[in-house]
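Keep in mind the model is a prediction, meaning the values are calculated, not measured. Throughout, protein chains are lettered first and strands after them, A, B, ... in sequence-line order, and every chain is numbered starting at 1.
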Protein chains: 2
Amino acid sequence: MQNARLTRDDVARAALRILDELGLPDLTMRRLAAELNVRPSALYWHFPNKQTLLADLADRIVTRRHPAESASGWDGRLRAEAFVLRDALLAYRDSAEIVSSSLALGLGENPAHARLRQALDSSPFDAESADRAATTMLHFLLGHVSLEQQRLQYDSLGARSGEPVTLESHEGDFRFGVDILIAGLRDRASADSPAPS
Amino acid sequence: MQNARLTRDDVARAALRILDELGLPDLTMRRLAAELNVRPSALYWHFPNKQTLLADLADRIVTRRHPAESASGWDGRLRAEAFVLRDALLAYRDSAEIVSSSLALGLGENPAHARLRQALDSSPFDAESADRAATTMLHFLLGHVSLEQQRLQYDSLGARSGEPVTLESHEGDFRFGVDILIAGLRDRASADSPAPS
DNA sequence: ACCTGAACACCGTTCAAGT
DNA sequence: ACCTGAACACCGTTCAAGT
């Protein structure tokens, strides 16, 4: 049972395992070290601190699924990207919270934003508006999935008042938000480009 | 210098003071107790735990400013409510994060959601759509202000790459999102009610 | 009713020293 | 280069006991 040398990758992957087995609150440096048969201080050779590790996880979670290519038009692509991102987030417990806080800390360019932004490259919006549109979508998306994941955990834990809150209802809520946003963007696009007045 | 008996209200108000003087990370039960010249365990007579205290703060922050009445139409009211909520949040440091996590924990009906929802009472949407619309707006709003507050703190702390990020640019981003959302809702409202096809 | 004292069971992080 | 040992400076929470 000799331990092979640890790589940065080993650490991140073990962290992801703990994350969706036990959830974010139980993803402590000490727990992670124990999982890797190593003393906690060893982790600080591979990552300068916990925040950096979490940012790395956020990247891995978001990058896992690749962009949807088939959709047509900037609106179709933006919509497809939003759904793919939601799927990617739903694959790991508490992922939305991790991505949100990494976004807030602003460590590097956020890949989730970059992908939504890219879908808008073929749109009639100027760079500033495209950025804002991507940000608006991202905020809605993270807020929605964050809440969805918390509800799932609460429900599985038993105690919840009233309705069971089905998966379909969550997807319906999500579709509603995405559709509203895209309809609003289409409206602005047609107001901006053909009639500068 | 005799200490008068502590009330629940005293605790909450001291917490709010610490919050916008030092920020959420420094709002610990031990620091709060010290501020009130009391031992940490004393706080647990007034609040069962820290989460409940934070939920109480979230309520106070959101309820501080009262709803805008003057706007006309459900869209005008929704827009006004969104701007008032943003103002209320900007009045306290890290408030968006507190409101978000209280929302996630789902302690009681969220007052922020209730106010956005109320603005939609006069809209043509059915109850489910109105709920979804309010939720969508809330997610965007909290995500936006959360990021805005983090950026403000980062900038004031010095180290930041590139642009200074002005207050106006944040307000522009916010207006953009709100306008897109409302345009999308108007679009759906006119598609739903007059032409069922 | 309201609070203290003292403990329990934890955290993230640093850093000299080992191999 | 990679890790241990040991410490530092903290957390939230509980609960018997005091007043």
Side-chain angles (χ1 to χ4, degrees), chain A residues 1-19 21-58 93-94 97-98 101-102 104-105 107 150 153 157 159, chain B residues 1-19 21-58 93-94 97-98 101-102 104-105 107 150 153 157 159:
Chain A
M1 281 295 193
Q2 284 289 88
N3 290 322
R5 239 38 176 293
L6 226 54
T7 68
R8 205 182 140 96
D9 210 72
D10 292 331
V11 176
R13 287 161 68 161
L16 280 178
R17 257 180 7 244
I18 292 177
L19 182 63
E21 275 167 24
L22 305 173
L24 184 54
D26 287 329
L27 176 51
T28 66
M29 297 304 265
R30 298 173 117 99
R31 177 88 186 68
L32 178 55
E35 183 88 359
L36 293 163
N37 289 118
V38 126
R39 261 16 78 200
S41 50
L43 301 175
Y44 290 84
W45 195 90
H46 299 280
F47 290 91
N49 50 52
K50 191 179 182 180
Q51 262 172 24
T52 308
L53 169 61
L54 292 180
D56 194 283
L57 299 187
R93 210 191 319 195
D94 295 335
E97 209 179 323
I98 292 179
S101 67
S102 294
L105 268 299
L107 305 174
Q150 294 271 9
Q153 215 160 327
L157 233 127
Chain B
M1 280 296 192
Q2 283 290 89
N3 290 322
R5 239 40 176 292
L6 226 52
T7 69
R8 205 182 140 96
D9 210 71
D10 293 331
V11 176
R13 287 161 69 163
L16 280 178
R17 250 172 20 235
I18 292 177
L19 182 64
E21 275 167 24
L22 305 172
L24 184 53
D26 286 330
L27 176 49
T28 67
M29 297 303 265
R30 297 174 117 98
R31 178 87 186 68
L32 178 55
E35 183 86 1
L36 293 162
N37 288 118
V38 127
R39 261 15 79 199
S41 50
L43 301 175
Y44 289 84
W45 195 90
H46 299 280
F47 290 92
N49 50 53
K50 191 179 182 179
Q51 264 172 26
T52 308
L53 169 61
L54 292 180
D56 194 283
L57 299 187
R93 213 196 311 200
D94 295 335
E97 209 179 322
I98 291 180
S101 66
S102 295
L105 269 298
L107 305 173
Q150 293 272 9
Q153 214 159 329
L157 232 126

For atom CZ of B:Arg8 and atom P of C:dA1, their distance in whole Å:
16 Å

Could you state the atom-to-atom distance from CZ of B:Arg31 to C1' of D:dC10 in whole Å?
14 Å

Phosphate OP1/OP2 of D:dC3: any A:His46 side-chain N/O under 4.0 Å:
yes

Can you check the B:Leu6 CG to C:dA1 P distance for me, whole Å?
17 Å

Within the structure shown, what part of the strands sits under 4.0 Å from A:Ser41 by heavy-atom distance: base, sugar-phosphate, or nothing?
base

Restricting to non-hydrogen atoms, name the atom on A:Leu36 and the atom on A:Asp10 that form the minimum distance, rounded to 0.1 Å.
CD2-O, 4.2 Å

Between C:dA17 (C1') and A:Arg39 (CZ): distance, integer Å
16 Å

Give the minimum heavy-atom separation between B:Leu32 and B:Leu53, together with the two atoms involved.
CD2-CD2, 3.6 Å

Roughly how many Å is it from CH2 in B:Trp45 to C1' in D:dT13, rounded to a whole number?
18 Å

For DNA chain D, whose closest nucleotide is more 5', that of A:Ala42 or that of B:Leu27?
A:Ala42

Measure the shortest side-chain to side-chain distance between B:Pro25 and B:Asp94 over non-hydrogen atoms and say whether it is less than 4.5 angstrom.
yes

To check you understand the geometry: which heavy-atom pair defines the closest contact between B:Leu105 and B:Gln51, and what is its length?
CD1-OE1, 3.9 Å

What is the distance from CD of A:Gln51 to C1' of C:dG12, rounded to the nearest Å?
11 Å

Between C:dA9 and D:dC10, how far apart are the two C1' atoms, rounded to whole Å?
13 Å

Distance, rounded to the nearest Å, where B:Leu32 contributes CG and D:dC11 contributes C1'
14 Å

Of B:Leu57, B:Asp56, B:Leu27, which is the lone residue that meets side chain to side chain contact (heavy atoms under 4.5 Å, CB included) with B:Leu16?
B:Leu57

If I take atom CE in residue B:Met29 and atom P in nucleotide C:dA7, what distance separates them, rounded to the nearest angstrom?
21 Å

B:Thr28, nearest nucleotide to its side chain (from D:dG12, D:dC3, C:dC2)
D:dG12

Report the base-pairing partner of D:dT19 (Watson-Crick or G-U wobble, both distances below 3.5 angstrom), or none.
C:dA1

Complement of D:dG12, any strand, by Watson-Crick or G-U distances under 3.5 angstrom:
C:dC8

Identify which nucleotide among C:dT13, D:dC11, D:dA1 has an atom closest to any side-chain atom of A:Pro40, counting heavy atoms from C-beta outward.
C:dT13

Please determine, for the side chain of B:Tyr44, which listed nucleotide (D:dG12, D:dC2, C:dT13) has the closest atom?
D:dG12

